[in-house]
Amino acid sequence: AAETAVIAERRNALARAYELDAAAALAPFARWVAKAKTAGEPDLAVQLEWVSSLNGETPEKLALREWMESLLETNMADVYGPDDWPAVQKTKRRELREDNARFLFVYPAPDKENAPAQGSAKQQLPIAFVQYRFDEEAEALVVYCYELQLAPEARRRGLGKFLMCALELLGKKAGMGGVMLTVQRSNTSARAFYAACKYDDSCISPSKVDPWSDEEEYSYDILDKMWSPEAQAALQKHADEAKAEWAKEELQAHDAKQAHEYTASGNT
């Protein structure tokens with residue numbers, strides 16, 4: 001009964017997280033100035049907007065999805081390679097439209113004189129976005145960052161860190177225990193970026209649970225930044241159990257190999 005109550009409470013916590021007024025929670029990040037890339041170049045004023053769903057066929061949502069799919073291909077096709085990208089692309093397109101997907105978009109802030117009328121459709125596309133969900137990972141409640149993508153013209157301005165800070169604030173306001181994400185092992189620039197944002201390999205990452213893992217077996221790592229001791233303890237418990245299971249399987253495989261070699265040598 002106690003375990004059932006704990007499971008029910010985690011589900012309720014996730015439901016409350018999805019009910020959070022994200023726009024209000026992110027008010028400190030509503031407008032921001034992205035620094036110039038080079039000396040003499042003007043700074044870029046941006047605004048952050050939250051979107052709860054990309055389902056639907058309105059002109060704005062169609063344009064957003066088309067832009068996001070194009071940006072994903074530009075940024076990620078080479079990371080996955082020509083053999084894996086078609087299947088990955090299909091998955092990413094489906095994830096954009098799933099019910100529990102949520103989004104943060106960065107737009108260049110319009111000049112006050114040229115601001116669009118209230119309720120009118122935007123005339124420009126974003127320059128960066130985050131796709132996230134509130135989720136339960138190994139009994140820990142987390143914000144799971146599915147995508148962080150910046151258009152080429154938006155890079156090297158601090159917008160990536162800006163978006164991750166906004167996501168972390170949202171997670172804390174929603175009562176989550178931290179932020180998690182996956183990154184391809186071959187994507188060294190992304191790994192360096194997340195390291196600079198103080199993200200570490202999670203204790204449940206394949207490279208931590210299976211010390212003999214390699215890129216052929218696991219092409220990705222799991223990174224996290226946890227601020228809740230309870231959430232971190234839940235992840236560590238899961239990791240310890242996974243390591244014990246891995247050690248057991250390795251020992252069984254070793255014993256089976258020895259038995260086979262002993263029999264093959266003519267012994268009984």
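Along the sequence shown, residues carry numbers from 1.
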- Query: When the ring centroid of F134 is compared with that of Y18, is the distance short of 6.0 Å?
  - Reply: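 So the answer is yes for these two rings.
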
- Task: Indicate, with yes or no, if the rings of Y132 and Y144 have centres closer together than 6.0 Å.
- Result: no

Is [X] atom [atom1] crowded by more than 12 heavy atoms from other residues, nucleotides or ligands, each under 6.0 Å away?
X	atom1	value
K173	NZ	no
E66	CD	no
R155	CZ	yes
K208	NZ	no
K237	NZ	no

Student check: side-chain heavy atoms of [X] and [Y] closer than 4.5 Å:
X	Y	result
M180	V143	no
L235	H238	no
K225	D200	no
V179	V142	no
S207	R185	yes
V88	M76	no
L48	W32	no
L223	S202	no

Using a distance-only test with no angle check, is there a side-chain donor-acceptor pair under 3.5 angstrom linking [X] and [Y]?
X	Y	answer
N187	S189	yes
E41	T38	yes
E230	Q232	no

So, for [X] and [Y], which heavy atoms are closest and what is the spacing to 0.1 Å?
X	Y	answer
R65	L62	NH2-CD2, 3.2 Å
N75	V79	O-CG2, 3.7 Å
R133	Y146	NH1-OH, 3.3 Å
Q47	E49	NE2-OE2, 2.9 Å
P86	D83	CD-O, 3.9 Å
L96	A101	O-CB, 4.4 Å

Heavy-atom donor-acceptor pair, [X] side chain to [Y] backbone, under 3.5 Å:
X	Y	value
W227	M176	yes
D43	K35	no
R97	N55	no
R10	L141	no
S205	D201	no

- Query: I127 and side-chain contact (heavy atoms from CB on, under 4.5 Å): which partner among L71, V46, L150?
  - Reply: V46

- Item | CA sep, side-chain torsions, deciding dist, call: L148, L163, side-chain contact (heavy atoms from CB on, under 4.5 Å) | CA-CA 8 Å; L148 169 63; L163 279 167; 3.7 Å; yes

- Can L26 and L104 be said to form a side-chain contact (heavy atoms from CB on, under 4.5 Å), step by step? CA-CA 10 Å; L26 292 169; L104 301 177; 3.4 Å; yes

Treat each ILVMFWY residue as a node, draw an edge where side-chain heavy atoms are under 4.5 Å apart, and state whether [X] and [Y] are in one component.
X	Y	answer
L167	F162	yes
F103	L64	yes
V51	V106	no
L170	L14	yes
L169	W50	yes

- Can you say whether the rings of W67 and F129 are parallel (under 30°), tilted (30 to 60°) or perpendicular (over 60°)? perpendicular

- Would you check, one step at a time, whether the test side-chain contact (heavy atoms from CB on, under 4.5 Å) holds for W85 with E73? CA-CA 9 Å; W85 174 243; E73 182 160 16; 3.9 Å; yes

- Got a salt bridge between K161 and E168, using NZ or NE/NH1/NH2 to carboxylate O under 4.0 Å? no

- Take M164 and Y199 through the test side-chain contact (heavy atoms from CB on, under 4.5 Å) and record every step on the way to the result. CA-CA 10 Å; M164 292 308 294; Y199 282 76; 3.4 Å; yes

- Item | Gap separating the SG atom of C197 from the CG atom of L181, nearest 0.5 angstrom | 9.5 Å

- Message: Return the CE to CD distance between M226 and Q236, rounded to the nearest 0.5 Å.
- Response: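 Taking CE in M226 and CD in Q236, the distance rounds to 11.5 Å.
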
- Item | salt bridge (Lys or Arg N to Asp or Glu O under 4.0 Å) assessment of D210 paired with K243 | CA-CA 7 Å; D210 181 352; K243 287 178 185 177; over 6 Å; no

- Message: Tell me which one of E69, E98, E147 satisfies salt bridge (charged side-chain N to carboxylate O under 4.0 Å, His left out) with K92.
- Response: E147

- Message: Pair R16, E9 - check salt bridge (Lys or Arg N to Asp or Glu O under 4.0 Å), show working.
- Response: CA-CA 10 Å; R16 290 193 296 271; E9 175 51 33; 2.8 Å; yes

